[in-house]
J.: 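The structure that follows is given in the form of structure tokens.
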Amino acid sequence: MRDAHPLRSGRPGLSAVALMIAGVVLAAVGAIGAWLQHDAPGRSAEPRTEFTADNPPAGLPTALTTGQHLHWSRCTSPPTARTGYDCATMKTPLDYRKPDGRTIDVALIRRKATGPNTRRIGSLVLNFGGPGLSGVSGLPEHLNQYKPLLDRYDLVSFDPRGVGATIPVRCGKTADDTGYDGADACAKYSGALLPYVGTSHTARDLDLMRYLLGDERLHYFGVSYGTALGAVYAHLYPSHVGRLVLEASVDPTEDLNEEQVSQVKAVQAAFDRFAAHCAARIRHCPTGDGPEEAARRMTRLADRLEKEPAPAGSGRNLAADDLAHAVFDHLNRGTDGWSPLAKALTALIDHNDGRPLSKGADDIGSADRAATPLDNSRIARTAITCADSSLRPGFERLDRDEARIKAASPVFGAAWSSGVYLCYDWPFDGERATPQVNADGAAPVLVVGGTGDPNTPYPGARHMARALGDGVGVLLTAEEEGHGTYPQNRCVTDAVDQYLRTGRTPAPGTVCRGSMS
């Protein structure tokens, strides 16, 4: 499951010398120094010991394994990473079938652990979803969610293949054009890269990254699409699996079209729950007296916007498809998005003002549009999805699939149905209809799913846990609205943190109560 509908659109640092001088001064002044040390994020007073691993990925030249070292230095981009973060690049083969051939540079970012060396477990690699999201910009944006883990882990993220600073896919006419001019433009400007941006290639990058970070096993936290990446890694390298969290899991048993049907049904169900709450709890509810009336009102509103889009500020307009996706973005927030959604729909219905709904969607979806030197998340999402999916349906199948998606949701079906055309004319074959994720022999993998998730529906988490294999996939269920439950749900957070710190998974069948309880 992809995180959003295809093609839709988180002080100057001290130099190393200055830090050494500051360390001497702090040691000399005692209590004042301790206070200043607390104020310096991501740094520990204890000299740091770097970890090393002795199990490099098989089949790669030594120049990329034992002969390669990550050279961390102060980040220059994005601006949010200029204080407290280190950046590096890692060389990997473009094509792992030709490991001695062309190499590419993978952009990495790190926030060093703050705890003592004796308690440091290693690196925790994070992927924030997509596909197409930059981890280099995402780590500073999402740091607060994972900050409690800094006592035990370096937090590390990266730009996956095709994204941001790692062989960015280009489908526009100029080097800095992040627009999508069609599959032919992608082939023209990025044809040499497109066959190598799929999830299985990035999973192989992860194993080289693990080794260069000094870890015998990969510790990993993947969200949404990041669960697909983590599961494919577990399949390819079961003996290298450390502590893997797959949060808001995708469904590895569904192909791309089945995913779209499941998602649009889940979005409709989440909207119906919002509409029922709105009718019962919100005075002058803009969606009326319940889900059926809400569907009628939203259909009329979409028809109105189809004929004449509403002004949305900054020269933009809100059209019918924009309406569906802006509502979806609010629903992804769970119950926190319900009151703002009601207010924004009221402004749009009563005053033809699309600004609150558009602004709210922009703010909510900022992770999908994080500022990077090249924010190509929309086209990267397409390129990675089509590299993964082998579906290339003909027009007869496309017509059936489009009708099926429209019928699945009266409010969102029309907007979602265009997704069936995503890869039909893609210039390269995709890898598989569904990913291989069975990981027999791997250490336990924690799979987290929310029962009210409109983006990656809950059955996908159950299917993921089962597909990983007996004794591998461990399902943790959260009775929560919204996309993702960590760290919003305290029970989930406690269980995940304990697993990452100790390796102990929650008991099978554990359910965390929440907004849907």
J.: Centroid-to-centroid, F271 to W338, below 6.0 Å?
T.: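 No: the rings miss the under 6.0 Å criterion.
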J.: Roughly how far apart are T346 OG1 and D353 CG, rounded to 0.5 Å?
T.: 11.5 Å
J.: For the backbone of V125 and the side chain of S123, can you confirm whether one donor and one acceptor N or O come within less than 3.5 Å of each other?
T.: no
J.: Would Y225 and T199 count as having a side-chain donor-acceptor pair, cut-off 3.5 Å?
T.: yes
J.: Atom CZ of R111 and atom CG of L155: how far apart are they, to the nearest 0.5 Å?
T.: 9.0 Å
J.: Any Lys/Arg nitrogen of R161 or D205 sitting under 4.0 Å from an Asp/Glu carboxylate oxygen of the other?
T.: yes
J.: So, does D272 use its side chain to make a donor-acceptor pair with the main chain of A269 at under 3.5 Å?
T.: no
J.: Answer yes or no: is there a side-chain heavy-atom contact under 4.5 Å between W416 and F328?
T.: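 Contact flag for W416/F328 side chains = yes.
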J.: For the residue pair Y486 and F221, is the inter-centroid distance of their aromatic rings smaller than 6.0 Å?
T.: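 Yes, they do, as the ring centres are separated by less than 6.0 Å.
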J.: Would you check if the side chain of T166 reaches a backbone N or O of A107 as a donor-acceptor pair within less than 3.5 Å?
T.: yes
J.: Hey, does the side chain of D453 reach the backbone of T456 with a donor-acceptor pair shorter than 3.5 angstrom?
T.: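 Between the backbone of T456 and the side chain of D453 there is a qualifying donor-acceptor contact (under 3.5 Å).
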J.: Whether R304 and E308 form a salt bridge (side-chain N of Lys/Arg under 4.0 Å from carboxylate O of Asp/Glu) is what I want to check.
T.: no
J.: Can a donor-acceptor pair be found between the side chains of E254 and S262 at a distance below 3.5 Å?
T.: yes
J.: Given 3.5 Å as the limit, does a donor-acceptor pair link the side chain of S314 with the main chain of R316, or not?
T.: no
J.: May I ask you to check whether Y233 and Y220 place their ring centres under 6.0 Å from each other?
T.: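 No, too far apart.
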J.: Do the side chain of S157 and the main chain of L126 share a donor and acceptor less than 3.5 angstrom apart?
T.: yes
J.: Just how far is it from atom CE of M90 to atom CE of M209, taken to the nearest 0.5 Å?
T.: 4.0 Å
J.: Which heavy-atom pair separates M464 from T227 by the least distance, and what is that distance?
T.: CE-O, 4.0 Å
J.: Keeping the roles fixed (side chain from Q268, backbone from S409), state whether a donor-acceptor pair exists under 3.5 Å.
T.: no
J.: Could you tell me whether a side-chain N or O of Q263 sits under 3.5 Å from a main-chain N or O of P454, the two making a donor and an acceptor?
T.: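 No; judged by distance alone, with no hydrogens or angles, the pair does not exist.
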J.: Please report the shortest heavy-atom distance between P195 and H201, naming the atom on each side.
T.: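 Looking at all heavy atoms of both residues, the shortest contact is O-NE2, 3.5 Å.
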J.: Does a side-chain heavy-atom distance below 4.5 Å link V197 with V169?
T.: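 A side-chain contact under 4.5 Å exists here.
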J.: Might you work through the side chain to side chain contact (heavy atoms under 4.5 Å, CB included) test for L229 and V232, ending with a clear yes or no?
T.: CA-CA 5 Å; L229 176 58; V232 170; 5.6 Å; no
J.: Apply the test salt bridge (charged side-chain N to carboxylate O under 4.0 Å, His left out) to residues D303 and K307: give CA-CA distance (whole Å), side-chain angles for both, the deciding distance (0.1 Å), then the verdict.
T.: CA-CA 7 Å; D303 290 342; K307 296 173 184 175; over 6 Å; no
J.: Please report the interatomic distance CG(D255) to CD(Q260), rounded to the nearest 0.5 Å.
T.: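 Between atom CG of D255 and atom CD of Q260 there are 9.0 Å.
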J.: Could you state the interatomic distance from CD (E480) to OG1 (T451), rounded to the nearest 0.5 Å?
T.: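 Reported to 0.5 Å precision, the distance equals 8.0 Å.
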J.: Please walk me through it: do L341 and F274 pass side chain to side chain contact (heavy atoms under 4.5 Å, CB included)?
T.: CA-CA 9 Å; L341 176 57; F274 156 75; 3.8 Å; yes
J.: Kindly determine whether L301 and I349 satisfy side chain to side chain contact (heavy atoms under 4.5 Å, CB included), including the steps that lead there.
T.: CA-CA 7 Å; L301 180 58; I349 293 170; 3.9 Å; yes
J.: Got a salt bridge between D86 and R74, using NZ or NE/NH1/NH2 to carboxylate O under 4.0 Å?
T.: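 So D86 does not pair with R74 through a salt bridge.
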J.: Are any of the side-chain nitrogens in D207 or R210 under 4.0 Å away from the carboxylate oxygens of its partner?
T.: yes
J.: Once side-chain contact (heavy atoms from CB on, under 4.5 Å) is applied, do any residues pair with Y189, and if so which ones, sequence neighbours excluded?
T.: R170, K173, A185
J.: What's the shortest heavy-atom distance between C186 and L194, and which atoms?
T.: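 In terms of heavy atoms, the two residues are closest at O-CD1, 3.7 Å.
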J.: With a 4.0 Å cut-off on N to O distance, would you call D184 and K188 a salt bridge?
T.: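 Looking at D184 and K188, the cut-off is not met.
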J.: Do R102 and D95 come close enough that some side-chain heavy atom pair is under 4.5 Å?
T.: no
J.: Nearest heavy-atom pair of T485 and A478: which atoms, and what distance?
T.: CG2-CB, 3.7 Å
J.: Counting only N and O atoms by type, is there a donor-acceptor contact under 3.5 Å from the side chain of R392 to the main-chain atoms of S389?
T.: yes
J.: Is the side chain of H235 donor-acceptor paired with the backbone N or O of N438 at a distance under 3.5 Å, no angle test?
T.: yes
J.: What heavy-atom pair brings G460 and P252 nearest, and what distance separates the two atoms?
T.: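 For G460 versus P252, the nearest heavy atoms are O-CD, 4.1 Å.
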J.: Going from CG on L244 to CG on L468, what distance comes out if it is rounded to the nearest 0.5 angstrom?
T.: 9.0 Å
J.: For a quick test of reading the model, state the closest non-hydrogen atom pair linking G162 to A380 and the distance between them.
T.: O-CB, 3.4 Å
J.: What side-chain donor-acceptor pairs closer than 3.5 Å can you find for residues 423-436, not counting sequence neighbours?
T.:
{"from": "E431", "atom 1": "OE1", "to": "S200", "atom 2": "OG", "distance (Å)": "2.7"}
{"from": "E431", "atom 1": "OE2", "to": "S200", "atom 2": "OG", "distance (Å)": "3.4"}
{"from": "R432", "atom 1": "NE", "to": "T434", "atom 2": "O", "distance (Å)": "3.0"}

J.: Within the 4.5 Å heavy-atom criterion, are L318 and P309 side-chain neighbours or not?
T.: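 Contact flag for L318/P309 side chains = no.
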